[in-house]
Structure formats: C-alpha cells, structure tokens
Amino acid sequence: MIQLIIALFIGVLILIMAVIAIIHKNLVVGIIAAGAVSLFASVLYLLLSAPDVAMTEAAIGSGLSTIIFFYVLNKIKRQNG
Amino acid sequence: MVSKILFASAIIMLLAIMLSLYRFIKGPTAPDRLVAYDVMTVSSLALIALIAYLASRIIYLDVAIVYGLLSFLGVIIVSRYFERGL
Amino acid sequence: MEKFNLENISLVIGILVILIGLWGLLTQKNLIKIIIGFALFDTGIHIVMVSIGYIKNGTAPILDNAVDINNAANAVVDPVPQALVLTAIVIGLGITALMLTYVLKMYQKRKSLEINNYNDLKW
Amino acid sequence: MVKNILIFIVLIGFAVLLANVFVGFKGNSELNTLANHYAVSGPEEVGSANLVTAVVVTYRGLDTLGEVTILFLSAAIVSFLLKIETSASRKRKLRTTSEILDTASKILVPVTLLFGIYVFINGHLSPGGGFQGGAIIASGLVLMLLSQPAKEVSHKLITIVESISGLSFVLIGVAGVIFAAGFLDNTLLSLGKFGTIFSAGLIPVIYIFVGLKVGAELSGIIANLQENQNEV
Amino acid sequence: MDSTLEIIGAILVLLGSIFLFLGALGLVRMPDLFNRIQAGTKASTLGTLLSLIGLLLITPEWWGKLILLMIFILITNPVSSHVLARAAHYIKIPLTDKTVTDLLDKEETTYKVNKEIKNE
C-alpha cells in the first residue's frame, strides 16, 4: 500500500519535471530538470525491486550525463568570448 | 505501531518533496531552482532509506550512498558553471 | 480497479515520459533541447522495460540472508529485463556524449544552436 | 501549420501503439521459463548471488562485449573530434575555488575511488558491478578536476589502463573457449563457497577489468571535454 | 508488540520527516535566495540525520552502512550549499530589502564604514 502511494507521488514528480525540461526557456534549468527526472526514476526502480538498475541510473543517467551536458554548455558559452 | 508511524513519516517526506517542487516551478532565478533540487534529493535520500527498511533489504543502502554522492556533484558543477570556474 | 497496482502505474508513467520526450524531440528548435528530449525518451523506455519484468510482490534478484535460496524462483523478480536495461543505460550515455560533441563542432562552424540555420539538405 | 499537424499525427500514432501495450499487459505473477531456469540453476552453475550479474557477465556475456566496444568507439570518436584542431594554447582565467571545497575534495576523492572499487569487486554479492564502479571512479575524477581545474590529466595512463584491461577481458573470454565450456565461462576457477567474496569463479576478475576499462573510457571523455577549453 | 527501542526509533524517524517538511516550508516562505539556502540546508541535514538514527535504532544490525551514509551527508551537504551560496553572491543575486549589511561585499562595507565615520 505504502509503496503504491510513493509510486504515485514519484510518478507525478517525474511527469512535471519532464514537462519543465522540455518547455522551459533557460537551458540550465532544462538540464537540471532532466537530471531530476533520472534521479526520481531511480527511486521508482527501487520500488520495482531493481537495485542494480537504480544504481546505474543514479550514477550514469543522472550524474555523468548532467556533468557532460554542463561541460559542453560551458564550452559553447566560452566561444562567444 | 511502528509501521503506522513509518507510514505517516513517509507521507510527510513526500509532502516535503512536493513543497520544494513548488519552489522549483516558481523560483525566479536558476540558483533558486538549484536549492530546491538539493532539498529534494536530500529528502528522497531519507525516503530511500525508509524504502530499504520496508523491503527489509540492506543492499538498497548502497544505492542511497551513490545517490547522495552524485547529487552533491551535480549541485557543485552547476555552481561552478555559474561563477565561471568550470 | 484491478489495474491499480505498482506495475501498471509505472507502465503508464513510462509511456507518458516516452510521449513527452517525443514531443520535445519533434517541436523544439534548440539543438541541446532536442538532445534533452532524446534522453527523456530513453528514460521512458527503460521504465517501461523494468515494469514489464516486475513480478507481483517480488523482491530484488540478489540472494542473501533475506531470501531463501531453495525457494528463490518464487520470490524474486525477472533478472533478464534488468540486465538489458543496465546495458541500455550505459550505451545511452555514450550516445549522448557523441551527440553533444557533434553539437559542439556544429556550433564552432556556424555559431548557432538554432536548427533552422542548418538547412544544407533542405530542398 | 502542416508541420504541426504532422507532429500531432505522429504523437497520436505512438500513443495508440503504446496504449496497446498497456491494454495487453496483465501483470505477471510468476517467472517465465527462461528466468525460472536462471533463478533455480543460476546459483549452482555460476555461483553468483546477484542474478543480474550472472546474466550480464556469463549467460549474456557477448552482449557485454558489444557494449564495451560501443563505449570504446564513442570515447574514441569524442577524443578524435576534439583533438582535430591545432591548439592556440591560450589560458583563460578561472575563478579560484574556496578553501572549504578544496578540503572536502581532499577527503572525498579517495573515499569515492575506494567506493568505486568496492562496488565492482562486490558485483557478485550486492547491487553494482563494473559499469557502475567505472562511473563512480569517473565521478571521483570530476570532483578532483572541479577543485583543481588546472591539474593535468595523464592521457598516457588512461590509454594504458584501458588497453590492458580490454585485452585481458577478451583473453579471459577466449580462455573460456579453449579450456572450459564456452566464451566467458567463469568456471575456470573453482566456484568457492556461495555468498563469500572469493566465490563465483572468474566473475570478480572479469568485473575488475570491465570496471577499470569503463572508468578509463569515461575519464577520457571528461578529460577531453574539460581540458580543451584552455586552448580554444 | 514492538519493543520500546523500536518505538523510540520510529518517533525519531517521524521527527526527522517533520524537520524535512519544515525545511521545505522555509524554502517556500523565505524572501530571498540566501535565506532559502540556510533554511533548506540546515533543516534537511538535521532531518535526514534524525531519520537515519531512527532507522539505526529500529534495525541495529545495519549499523555499518547507515553510519557511512550519515558521515557522507555530514560532509557533502554543507559543502554543496556553501559552494552554491558563493556562486550566487558572485553573480549578484539580489538580496531582500530588509538586509542590514553584506560583509562579504568588501567595497560596499568600506563605503558604509566611511559614511558612518563622516556622519560622526
């Protein structure tokens, strides 16, 4: 029962974050929201009893992708001087 | 008794995450949203520990450690991007 | 009402995330926004795959003191979709890094992130 | 206008397709035959407590080889594309880091690397494995680069670690073909006592090599993206 | 019936979740960024620590990983909020109107001191 309620809340969070990631004008906010989608998805994987996938999503989908996005965004911003 | 109290605390943690979601949506500047993201991740870290107790598997705590470490790195990298130190 | 359980809820969430990602992929004009839409599409597919492999009241497929080894087949969830998703996430990171590098090179050539400025193949 | 209608039609088509998946899905209450075989005979055949690890490394070992190859290719293409221009070597000014971040990263970087090694050595007992461990090691490198941006990353070391571990991974697989039942068979070493760290035959060894290889590749991508900004 | 230690642990978890909620409430109610940072970080760190201590009392055999997790949170959470506050001050996020003094901003501080000296 409690797992069901947590899953519902986490699902609403994931959907709101996904919509923010698409429609927000600011690129930084978009990338942060996409990372948040991955973080909450890893909680959902944990509820679906898949700890391996949850660890991979937290380490790779949320951590390293966000880092690579920001390094590239930084380089693009530097090009303008 | 214990399970009822833990049920109530899980609901309160979810409400805390929802309140910080309000700041994430509204927040006038990008650093405001970053603070909201930080509070959200720390709250869901406590939630993960609670889920580990409910499933009675100690191995879920490994996921919590990775989660804490990586969300910390995310906040730091965005801050360094803001202050042109990346 | 019998549809209201954990695997169906996560299946619906996964399907909606796929649709949101596709919508972003098709409508956005900024190259980095397109890549964000692609990443969301990826995440949605992973959620759908994991929730299809879920067994009712199953626990994680890791046999330690909490699981009886002789009765493991009745207690654990399906390990095969989890292994597939694990592979897919890592490949997704490689593809994201590759696409971002291409965007960087394109920006160095044209100084623009708008997709409407790259119309070399348009007729 | 036509474009919007087309997008709408594509979205509706995907929605109908996925709604069929949802309607047809009844939820499963027991394992299918293949997964049942893995769950029943996996602990005896492979000796790994983590069934996902058993599937990834042994039963579906060729998939892992292909995955590592794809990751290697993407790392190679990223470094090729970024190294192609001649560097003008113009250093830019960065804002200095604060004392607190310096001290914290001095504590946290060794802990992070150690935790990454723990994750891939314990891949057959607890969640995790080579890919997650490699990602955590690359995150430790990112933390070090964030606190000391001017630090040089040794590309030679990354190349050597990556080549040696990739070669060892393939050689272990071929040794399985020659001396045991098939590619990446883990029963070359004895299986040991179930549930201890020296068990599951070759799986910890394979995962050490996979973890070092993935960590080196991801570190290479990040070092390329970080370092070139001093030179553009 | 549950033992006394377990009930104390559960009440600690409840207290921790209430602190998390108060932290989020501070995040919503506070007027500017720096107030939000201090409300959010302090309260959420305390809340998470209390929840983990409560779980430690309920299941004492998990002590190793729970204590490791607590040490991690104690190191990482203040550092991340410090770095964020430093960056936000650098890019000049506006302060609230009720701010009395901004000691980090050196030039403005000296300016105010000079003005006070002149007034005397």
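Residue numbers begin at 1 in each chain, while the letters A, B, ... track the order of the sequences.
- If you measure heavy-atom distances from C:V85 to chain A, the contacts under 4.5 Å come from the side chain alone.
- Contacts between C:L113 and chain A at a heavy-atom distance below 4.5 Å involve the side chain alone, from C-beta outward.
- Two residues are said to be in side-chain contact when any heavy atoms from C-beta on lie closer than 4.5 Å; C:H46 and C:D42 meet this criterion.
- Around OH of C:Y107, the count of heavy atoms belonging to other residues, nucleotides or ligands within 6.0 Å exceeds 12.
- With respect to chain A, the highest number of heavy-atom pairs below 4.5 Å among C:I9, C:V76, C:L40 belongs to C:L40.
- In terms of non-hydrogen atom pairs under 4.5 Å with chain C, the most contact-rich of A:V53, A:V72, A:T56, A:I76 is A:I76.
- Per-residue counts of heavy-atom pairs under 4.5 Å with chain C were compared for A:I68, A:I14, A:L48; the largest is that of A:L48.
- For A:L46, no part lies under 4.5 angstrom from a heavy atom of chain C.
- Contact check for C:Y102 versus C:L31: no side-chain heavy atoms found under the 4.5 Å cut-off.
- Between A:F9 and A:I5, some side-chain heavy-atom pair lies under the 4.5 Å cut-off.
- Among A:V37, A:L27, A:L44, the residue with the largest count of heavy-atom pairs under 4.5 Å with chain C is A:L27.
- Proximity to chain A (any heavy atom under 4.5 Å) is shown, for C:Q82, by both the backbone and the side chain.
- Between the A:S65 side chain and the A:S62 main chain, no donor and acceptor come within less than 3.5 Å of each other.
- Nearest heavy atom pair, residue C:A97 against residue C:T101, reads O-OG1, 2.7 Å.
- Comparing A:L15, A:D52, A:I10, A:V12 by heavy-atom pairs within less than 4.5 Å of chain C, the highest count is held by A:L15.
- Between chain A and the residues C:I13, C:L100, C:T43, the most heavy-atom pairs under 4.5 angstrom are made by C:L100.
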